[in-house]
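Notes follow once the structure below has been shown.
Each chain gets a letter, A, B and so on, in the order the sequences are listed, and its residues count up from 1.
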Amino acid sequence: MSAPSSQSSNRSWLVRQRWLLLRRMSQLAILALFLAGPWFGVWVLKGNLSASLILDTVPLADPLLALQTMVAGHWPHSTALTGAAIMLAFYLLVGGRVFCSWVCPVNMVTDAAAWLRRRLGIKTGHAPDSNTRLWLLGGVLLATAVSGVLVWEWVNPVSLLHRSLIFGLWGASLLIAGIFFYDLLIASRGWCGHLCPVGAFYGLLGRTALVRVSAAKRSACDDCMDCFVVCPEPQVIRPALKQVGQTHPLILSGDCTNCGRCIDVCDRQVFKMTHRFDQRSA
Amino acid sequence: MSPVKKNADQTSNAASPASLARRKFINSVAAAAGGGCLLALGAGLYARQASALPAQAVRPPGALTEHDFLAACVRCGLCVRDCPYGTLKLSDLGDPVATGTPYFTARDVPCEMCEDIPCVKACPTGALDRQLTDITQSRMGLAALVDQENCLNFLGLRCDVCYRVCPVIDKAITLELRHNPRSDRHALLLPTVHSDACTGCGKCEKSCVLPEAAIKVFPRKLAQGALPAHYRKGWEEKARQGESLIGEQVRLPVRGFEGTTAGRSATETVVAPVTPAPAVPDAPVPAPGKAGSLNSRWKP
């Protein structure tokens, strides 16, 4: 399948890219706030995605990293615990995998690979089972507990890429290029959708999230498949859109990243961003 | 024929949809579990191989022991950001130091030993221990004068630069007066590191005037030996008790050295004992605890 059938759309380009543009702005703004310090001396966000300080006062910390340090046998100082609690509360509210689609810098790499894969019509390769990431998450925590050190942080592409961008390092370039070509040539949405244990962790957090996408106007669906093609986790759409195993139109799977791309591409305007108690079908 | 037998006998395309789905499920779970375990194992092995700190990488002040540090440090770089001298840097993937962790290279930029220790205050996890409040109590590493063949002071010159720049001068590094056997009339003033006071800041290594430093900072484990726990130093016990713990020893005469006691080295000058002549006419008398050391009373 080629790019979504946007030629026949009667909606403007801006409307059709609204959520994608917002998402890119969010990703780049977070990077810019981190980079404003070292580049221009304006310290809004200091540190990186692993742990940071807002305006030298409010601590933030990655809850998965806090968990890993505890599993490794170190009880973090209250600063990191406070920071992790803040992030945990935030992602429990808006959806864990909002981190993946609105914050994580690897998302831009894998989105680019997925776009190019669609454009070039590449169908080769084979994606591993999407539960692999949960096994990997378990393996990471087990290896951390056994070794007593943060083994995953040696190779974690998520923190590596962000740290590299913020601190001007280049060592992770090959690893990130590897992920791009893996996603492009071997496995569609392979890294973010099947392997990444960080995403798996945030997926577990996202199961109770308040903010959700709903296929409210599913009666208008004309089976064009645009949403399935563009969705990074296409398996989450079917239950809501086609009433498989549920009657309400809400996408409640923790795997859904709340990226809103389905809202963008759907010319029938089936989808909308809402909350998990909004079970109305329009 | 039972369904089970049938499945076992025939090829997969004849199997029932349910068993096909089951087989596919089991296959995919096995692949996922296997792949997951393999990747975790690989990461673990890589981490184990990479978790040895190289000899010339020094951790920031207050860092926990290397193993505990690698459990506690989340590699956020906040210590790097708050270091006012640009001493600290984060390790990159492929560097010999654990990826993303902070360290410094003394020969490039040593630690300036800030009194308020901003790097420790910045650490959100306690990988840099907040119990460290006095920077002179930090133990980042230990300096060692590794090259006695090329150290200018060992050659008989008065370089003294490592001694002069030491922030804990006369405690962490002293100059020990020795006779210069080569000229037989001059003195050697040997820079000597004392582990009870050296913080491992690396200013001595940074300032060594040689193209390759003769004095270097190493992790304490590398630079320092250890006595067995049961060893007692007789002279210390004697000083503490007021008498030898094992009673007075018989003094045996040594042939050729009659009049001296046993146990002295034959090469040691006993005929004309060296009386430390002051280098400067009004130099202070050396402290009794560290005989032979020169206290310049110079403070940075």
Side-chain angles (χ1 to χ4, degrees), chain A residues 37-38 43 46-53 59 61-62 65-66 68-69 72-77 79-80 82-83 128-140 142-144 146-156 159-160 163-164 166-167 169-172 174-175 194-195 197, chain B residues 24-51 64 66-82 89-95 97-102 120-130:
Chain A
W43 296 99
K46 192 194 275 182
N48 59 35
L49 289 183
S50 306
S52 56
L53 267 181
D62 178 10
L65 256 173
Q68 284 177 77
T69 56
H74 174 81
W75 188 256
H77 187 266
T79 311
T82 311
D129 189 275
S130 58
N131 281 329
T132 310
R133 53 186 159 185
L134 286 169
W135 286 96
L136 261 174
L137 177 63
V140 162
L142 186 70
T144 307
V146 170
S147 65
V149 299
L150 304 186
V151 285
W152 174 238
E153 284 311 299
W154 256 277
V155 290
N156 179 2
S159 58
L160 259 172
R163 195 186 306 117
S164 301
I166 305 295
F167 285 87
L169 309 170
W170 292 97
L174 265 180
L175 186 70
H194 299 82
L195 293 179
Chain B
K24 209 176 157 196
F25 173 76
I26 291 170
N27 272 345
S28 64
V29 165
C37 292
L38 213 65
L39 272 165
L41 188 72
L45 285 176
Y46 175 59
R48 170 182 286 246
Q49 174 255 323
S51 65
L64 305 175
E66 186 63 9
H67 188 269
D68 291 349
F69 184 77
L70 293 179
C73 173
V74 295
R75 299 120 204 254
C76 64
L78 282 169
C79 54
V80 175
R81 290 298 188 219
D82 280 9
K89 51 192 174 183
L90 288 186
S91 160
D92 200 357
L93 184 68
D95 285 353
V97 181
T99 312
T101 56
V120 171
K121 285 182 183 161
C123 179
T125 64
L128 306 181
D129 194 346
R130 291 186 191 216

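- Counting heavy-atom pairs closer than 4.5 Å to chain B, the top residue among Ala61(A), Pro76(A), Ala51(A) is Ala51(A).
- Here the closest heavy-atom approach between residue Asn48(A) and residue Arg75(B) is recorded as ND2-O, 3.1 Å.
- Most heavy-atom pairs under 4.5 Å with chain B: of the set Leu142(A), Thr82(A), Thr79(A), this distinction falls to Thr79(A).
- One distance of note links NZ of Lys46(A) with CG of Asp82(B); it measures 3.5 Å at 0.5 Å rounding.
- Neither the backbone nor the side chain of Cys79(B) comes within less than 4.5 Å of any heavy atom in chain A.
- In plain terms, the two heavy atoms of Asp92(B) and Trp170(A) that are nearest each other are OD2-N, 3.0 Å.
- Rounded to the nearest 0.5 angstrom, Leu93(B) CG and Asn156(A) CG are separated by 11.0 Å.
- Of all heavy-atom pairs between Thr125(B) and His74(A), the closest is O-NE2, 2.8 Å.
- For Asp68(B), the side-chain hydrogen bond (donor to acceptor under 3.5 Å, both in side chains) partners at least two apart in sequence or on another chain are Thr65(B).
- Rounding to the nearest 0.5 Å gives a distance of 9.5 Å between CH2 of Trp154(A) and OG of Ser91(B).
- At a threshold of 4.5 Å between non-hydrogen side-chain atoms, the residues Arg81(B) and Ile166(A) count as touching.
- For the options Ser130(A), Pro38(A), Pro197(A), Ala66(A), heavy-atom pairs under 4.5 Å to chain B are most numerous at Pro38(A).
- Within the 4.5 angstrom heavy-atom criterion, no atom of Leu137(A) approaches chain B.
- Top candidate by heavy-atom pairs under 4.5 Å with chain B, chosen from Leu134(A), Asn131(A), Leu160(A), Leu49(A), is Leu160(A).
- Atom CZ of Arg130(B) sits about 3.5 Å away from atom NE2 of His77(A), to the nearest 0.5 Å.
- Nearest heavy-atom pair, Ser50(A) versus Val74(B), reported as atom, atom and distance to 0.1 Å: CB-O, 3.3 Å.
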